[in-house]
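As the structure is a computational prediction, the values presented were derived from the model and not from experiment. Numbers for residues simply follow the sequence, beginning at 1.
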Amino acid sequence: METVIVKFSDIDIRNSAGGKEDHPIDAGSFQGKIAAAGKILKEGGLVAFPTETVYGLGADALNPQASRKIYEAKGRPSDNPLIVHISNMEDLGKITAKVPEQAKKLAAEFWPGPLTMIFEKSPLVPLETTGGLQTVAVRMPDHPIALGLIQAGGGFVAAPSANTSGRPSPTTAEHVAQDMEGRIPMILDGGPVGIGIESTIVDVSGDMPMILRPGYITKEMVQEAIGPVALDPGLTAENEAVRPKAPGMKYKHYAPKGQLILVDGEREAVQAEIIRLSKEAAAKGQNVGVIGTDETWGSYPYGIVKSIGTREDEETIARHLYGVLREFDEQDVEIIYSESFSAPGIGQAIMNRLLKAAGHHVLTAPKREG
Ligand code: TXA
Ligand code: MG
């Protein structure tokens with residue numbers, strides 16, 4: 001299959017005016033490009049598109065055959081449900097059985113934006129989209145191309161991240177092409193995404209709201225809007241019998257080809273330990289990588305060293321994380337040592353993704369004397 005890559009310039013995006021152009025549609029305009037992509041969705045095909053978090057691989061969420069194509073293109077296990085993307089609040093009522101008060105508050109505060117909520121589903125949503133579950137994940141993304149595509153595609157777009165299952169999520173159209181070229185008819189290229197890690201998932205279908213996947217919207221932000229919220233114990237449990245509630249969180253995931261190992265501990269001890277480990281690996285002839293930050297990367301003498309951003313602004317770290325893991329893949333790095341990050345704030349989501357990429361392989365740096 002030939003994959004058409006459709007580029008949007010910044011001017012296209014700025015002039016999109018939320019889809020309200022009053023002159024006739026021409027194929028080269030924002031509306032023309034969106035209309036062509038929407039047609040593919042309506043005919044049951046797949047279109048990859050940018051959102052503010054990561055690139056998504058979209059299909060008509062109400063068409064079971066179309067949803068199945070997503071699983072095929074990604075090589076994704078069929079019990080792992082998809083997020084349904086909408087463009088307005090009215091449409092939420094059509095695909096959910098009920099919308100709890102807390103969900104209305106969260107939607108008012110954070111939609112459009114990087115928040116996904118889990119609801120009881122209505123009969124309109126096929127089980128192919130929800131991986132057989134009676135609940136449905138819903139998100140209203142904050143990106144003009146995504147919102148335009150959802151409207152043009154019929155209102156309900158099922159979209160996982162547009163990577164091959166098990167690879168890091170794509171944050172540029174080039175990443176999408178690496179994984180999906182030849183497998184899907186169209187990629188909408190809106191440039192690099194703004195956030196870089198997937199949306200926060202909050203389950204609002206039970207009595208107590210629970211975070212199933214940490215993201216840009218932090219636990220602190222959710223609590224400020226609706227009061228107490230739990231964190232899924234399956235996310236941090238050492239015991240493998242305690243399974244995460246979001247089926248997708250149980251897979252080793254986002255993983256680079258080389259083995260990633262996180263080094264935890266006091267900042268200076270971590271640096272010293274990474275230097276020791278990378279020296280050892282290099283001496284053995286291994287192609288070794290190091291993930292540092294703007295503050296530290298210059299101090300690592302061994303291996304291929306990359307900074308993922310600055311600790312002064314952890315949003316930069318979220319934005320570069322997956323791209324850096326993909327770069328290491330391209331350089332055939334066999335082993336990667338990374339500094340660690342921690343809650344509060346977006347550090348929790350960063351560490352969650354790194355832990356998954358590392359298959360929970362963490363070393364604690366020995367305390368240094370003096
Ligand atoms: O930022 C995002 O959310 C991106 C963009 C494209 O919107 N999408 C994304 O989708 O990350 P995906 O498929 O890679 O991750 C969806 C996660 C999976 O862990 C899945 O198991 C969980 O959401 N999920 C979906 N429906 C669910 C449900 N009904 N109950 C529990 N977890 C659910
Ligand atoms: Mg994903």
message: If only side-chain N and O atoms count, and only distance matters, is there a donor-acceptor pair under 3.5 Å linking Gln348 with Thr218?
response: no
field: Lys/Arg-Asp/Glu bridge criterion (N-O < 4.0 Å) met for Lys94, Asp91
entry: yes
message: I'd like to know if Arg167 pairs up with Asp179 as an ion pair, taking the criterion as any Lys NZ or Arg NE/NH1/NH2 lying under 4.0 Å from an Asp or Glu carboxylate oxygen.
response: yes
query: Side chains of Ser199 and Thr116: do they bring a donor and an acceptor to under 3.5 Å?
result: yes
Residues that Glu72 engages under side chain to side chain contact (heavy atoms under 4.5 Å, CB included), provided they are two or more places apart: none
message: Show every salt bridge (Lys or Arg N to Asp or Glu O under 4.0 Å) that has at least one partner inside residues 146-160, sequence neighbours left out.
response: none
Listed partners of Asp264 passing salt bridge (charged side-chain N to carboxylate O under 4.0 Å, His left out), at least two apart: none
- request: Give a yes or no on whether the backbone of Asp332 and the side-chain of Asn287 come within a donor-acceptor separation of less than 3.5 Å.
  value: yes
- request: Identify, with sequence neighbours excluded, every residue that meets salt bridge (charged side-chain N to carboxylate O under 4.0 Å, His left out) alongside Glu280.
  value: Arg276
- prompt: Which hydrophobic side chains are connected to Ile201, either touching it within the sub-4.5 Å cutoff or through other members that do?
  reply: Ile118, Met210, Leu212
- prompt: Got a sec, which residues hit salt bridge (charged side-chain N to carboxylate O under 4.0 Å, His left out) with Arg139, two or more places apart in sequence or on another chain?
  reply: Glu52
- prompt: Tell me the side-chain hydrogen bond (donor to acceptor under 3.5 Å, both in side chains) pairs involving residues 222-234, sequence neighbours left out?
  reply: none
- request: Using ring-ring contact (aromatic ring centres under 6.0 Å, His included) as the criterion, list what pairs up with Phe341, not counting sequence neighbours.
  value: none
statement: Note: with side-chain heavy atoms under 4.5 Å as the link, the other cluster members for Leu277 come out as Ile261, Val263, Val270, Ile274, Ile275, Val288, Val290, Trp297, Tyr300, Tyr302, Val305, Ile335, Tyr337, Leu363
- request: Please list, chain by chain and in numerical order, all residues satisfying ring-ring contact (aromatic ring centres under 6.0 Å, His included) with Phe8, sequence neighbours excluded.
  value: Phe30
- request: Inspect the contact between Glu198 and Arg353 and indicate whether a charged nitrogen and a carboxylate oxygen are less than 4.0 angstrom apart.
  value: yes
task: Scan for side-chain hydrogen bond (donor to acceptor under 3.5 Å, both in side chains) pairs involving residues 103-114, sequence neighbours excluded, and state none if there are none.
output: Glu101-Lys104
query: Have Glu339 and Thr296 got a donor and an acceptor in their side chains that come within less than 3.5 Å?
result: yes
task: Any pair with a residue in residues 295-309 that passes salt bridge (Lys or Arg N to Asp or Glu O under 4.0 Å), sequence neighbours left out, goes on the list, sorted by first then second residue, please.
output: Lys306-Glu327
